[in-house]
> 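I have a structure I would like to understand better, so I am pasting it below and will then ask my questions one at a time.
As the structure is a computational prediction, the values presented were derived from the model and not from experiment.
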Amino acid sequence: MAIAKKTILSESEAIIKLIDYLDDNFSKAVEIIFQSKGRLVVTGIGKSAIIGQKMVATFNSTGTPSMFLHAAEAIHGDLGMIQKDDVIICISKSGNSPEIKALIPLLKRDGNPLIGISGNSSSALAKGSDYTLNTTVDAEACPINLAPTNSTTAQLVMGDALAICLMEMRDFKAEDFAKYHPGGALGKKLLLRVKDLIEHNQKPIVNPDTLVKKVIFEISEKRLGVTAVVENNEVVGIITDGDIRRMLNDRDTFTDLTAKDIMTKNPKSISSETMAIDALQVLENHSITQLIVIDNKEYKGVLHLHDILKEGIL
């Protein structure tokens, strides 16, 4: 526990120091990426390459088209991936590894802006870059000061700082984020609408004069625990299985009862275009499990809490 706490504290202190290293180079780097008509190409080697891949994933998902170029593969043909309008980020703790030193002039030969992220301000990378972002750390969290820990964390945080600045400049919204995350629970939260959840549901419906016996059959057959009561093509009420149970508790017979006698008037409803996550909030706020779906007074169906749960949105 002591070692774990010491490691976390060491890395957090390394991150805090990045604030003091920020200067005009950072601002200019963000601006040059924002103004670029090309892509952002991120390159590095070793652990820095892994950090670079994560940066690319973050940039792509937040509106900055990016690609990863492995420094070792770059000099064996992959330099052809770089186009004239691209901006390049090169990541290296020392900034002096043989692969990086060999790569710098090749990255700059066609005039592409080069942003260096390095922990050595006097390195070949720092001197060869148009803009240098300082990620110097006093030491690694590693007890023998060799395994990249603090240094890679600092690189990662600097990349996140770039990405968030670019998001702000692009006025990147949740709707934009959804375009790049259509899969999984996150995508469903941002994309699924009520109409997507009810499209395969049956549509329970009775009229006000329907006998309660037939109402029970309708609720049971459609298997949503509820039915809408519709008159003249408009929903005038709702009957839930809870309403049926309460009626049975209060009466010895119900042969003479109709839907209008036990229905709840003015039921809670929602539009089919409502986001699923917002519909869930309505259900929770009113402590109910079903919502009648209505568009322009037209009955579209029933949304059940289970429709949301089975999509894994919660």
Side-chain angles (χ1 to χ4, degrees), residues 11-44 47-69 71 82-96 100-101 103-138 148 150-174 176-177 180:
E11 297 209 18
S12 65
E13 289 174 346
I15 294 171
I16 289 294
K17 289 183 179 180
L18 292 180
I19 295 174
D20 296 329
Y21 297 151
L22 292 178
D23 56 19
D24 286 346
N25 278 271
F26 183 88
S27 301
K28 292 175 180 176
V30 171
E31 187 66 31
I32 202 72
I33 297 170
F34 180 72
Q35 296 294 343
S36 171
K37 292 181 172 57
R39 303 156 304 172
L40 181 58
V41 180
V42 182
T43 186
K47 304 298 189 296
S48 295
I50 298 171
I51 296 300
Q53 291 175 48
K54 190 276 178 184
M55 284 187 190
V56 165
T58 300
F59 285 128
N60 278 327
S61 68
T62 54
T64 300
S66 306
M67 57 180 286
F68 176 72
L69 170 65
I82 301 175
Q83 300 177 4
K84 66 176 184 177
D85 291 326
D86 293 343
V87 176
I88 304 167
I89 290 179
C90 184
I91 313 169
S92 173
K93 176 187 175 181
S94 71
N96 284 322
I100 296 300
K101 291 175 75 172
L103 188 58
I104 293 169
L106 301 176
L107 295 174
K108 292 178 63 67
R109 65 184 177 186
D110 292 325
N112 297 85
L114 176 60
I115 301 166
I117 297 180
S118 177
N120 183 354
S121 58
S122 61
S123 65
L125 176 58
K127 293 178 179 178
S129 299
D130 298 299
Y131 312 98
T132 302
L133 308 185
N134 188 353
T135 53
T136 298
V137 297
D138 295 333
N150 289 6
S151 58
T152 47
T153 299
Q155 292 169 352
L156 187 63
V157 171
M158 188 64 75
D160 287 344
L162 288 170
I164 300 305
C165 286
L166 289 163
M167 284 183 70
E168 292 278 1
M169 293 177 74
R170 298 184 198 285
D171 195 25
F172 197 83
K173 303 293 187 184
D176 303 308
F177 195 79
Y180 305 115

> Shortest non-hydrogen contact from Lys37 to Asp85?
C-CB, 4.1 Å
> Testing the basics here: between Gly128 and Leu114, what is the closest heavy-atom pair and its distance to 0.1 Å?
O-CD2, 3.9 Å
> With a 4.5 Å limit on heavy-atom distance, are the side chains of Asn112 and Leu107 in contact?
no
> Find out whether Ile88 and Leu69 are in side-chain contact, i.e. whether some heavy atom of one side chain is under 4.5 Å from a heavy atom of the other.
no
> Please give me the minimum heavy-atom distance between Cys165 and Phe26, naming the atom from each residue.
SG-CE2, 3.7 Å
> Looking at Lys108 and Asp130, is any side-chain nitrogen of the basic one under 4.0 Å from a carboxylate oxygen of the acidic one?
yes
> Just by distance, with hydrogens left out, do Thr136 and Asn134 show a side-chain donor and acceptor under 3.5 Å apart?
yes
> Going by the side chain to side chain contact (heavy atoms under 4.5 Å, CB included) test, name the single residue among Asp160, Thr135, Asn150, Ile50 that passes it with Gln155.
Thr135
> Testing the 3.5 Å rule here: is there a donor-acceptor pair between the side chains of Thr62 and Arg170?
no
> Nearest 0.5 angstrom please: Asn96 CG to Lys127 NZ, how far?
8.5 Å
> Does some side-chain heavy atom of Ile104 sit less than 4.5 Å from a side-chain heavy atom of Cys90?
no
> Please assess Val157 against Leu18 for the test side-chain contact (heavy atoms from CB on, under 4.5 Å), listing each intermediate value before the final yes or no.
CA-CA 9 Å; Val157 171; Leu18 292 180; 4.0 Å; yes
> Closest approach of Phe59 and Ser66, non-hydrogen atoms and distance?
CB-OG, 3.0 Å
> Is the shortest heavy-atom distance from the side chain of Asp110 to the side chain of Ile82 under 4.5 Å?
no
> Would you say NZ of Lys101 has more than 12 non-hydrogen atoms from neighbouring residues, nucleotides or ligands within 6.0 angstrom?
no
> Between atom OG of Ser129 and atom CD1 of Ile89, what is the distance when rounded to the nearest 0.5 Å?
10.5 Å
> Begin from the C-alpha positions of Leu22 and Met158 and carry the test side-chain contact (heavy atoms from CB on, under 4.5 Å) through to its verdict.
CA-CA 10 Å; Leu22 292 178; Met158 188 64 75; 4.0 Å; yes
> Pair Thr132, Ser121 - check side-chain contact (heavy atoms from CB on, under 4.5 Å), show working.
CA-CA 8 Å; Thr132 302; Ser121 58; 5.9 Å; no
> Ignoring hydrogens and geometry, is there a side-chain-to-backbone donor-acceptor pair from Ser92 to Ser118 under 3.5 Å?
no
> Roughly how far, to the nearest 0.5 Å, is the CD1 atom of Ile51 from the NZ atom of Lys93?
13.0 Å
> For the atom pair NZ (Lys17) and OG (Ser12), what is the distance rounded to the nearest 0.5 Å?
10.5 Å
> Taking all heavy atoms of Ala163 and all of Thr58, pick out the closest pair and write down the distance.
CB-CG2, 3.8 Å
> Under the side-chain contact (heavy atoms from CB on, under 4.5 Å) criterion, do Met55 and Leu40 qualify, and how do the steps go?
CA-CA 10 Å; Met55 284 187 190; Leu40 181 58; over 6 Å; no
> Looking at every heavy atom in both Ile100 and Ala71, which two are closest together, and how far apart are they?
CD1-CB, 4.1 Å
> With Ile115 as reference, evaluate Val30, Ile33, Asn25, Leu162 under the side chain to side chain contact (heavy atoms under 4.5 Å, CB included) test and give the passing residue.
Ile33
> When rounded to the nearest 0.5 angstrom, what distance separates CD in Glu11 from OG in Ser151?
9.0 Å
> Just how far is it from atom CZ of Phe172 to atom OG1 of Thr64, taken to the nearest 0.5 Å?
8.5 Å
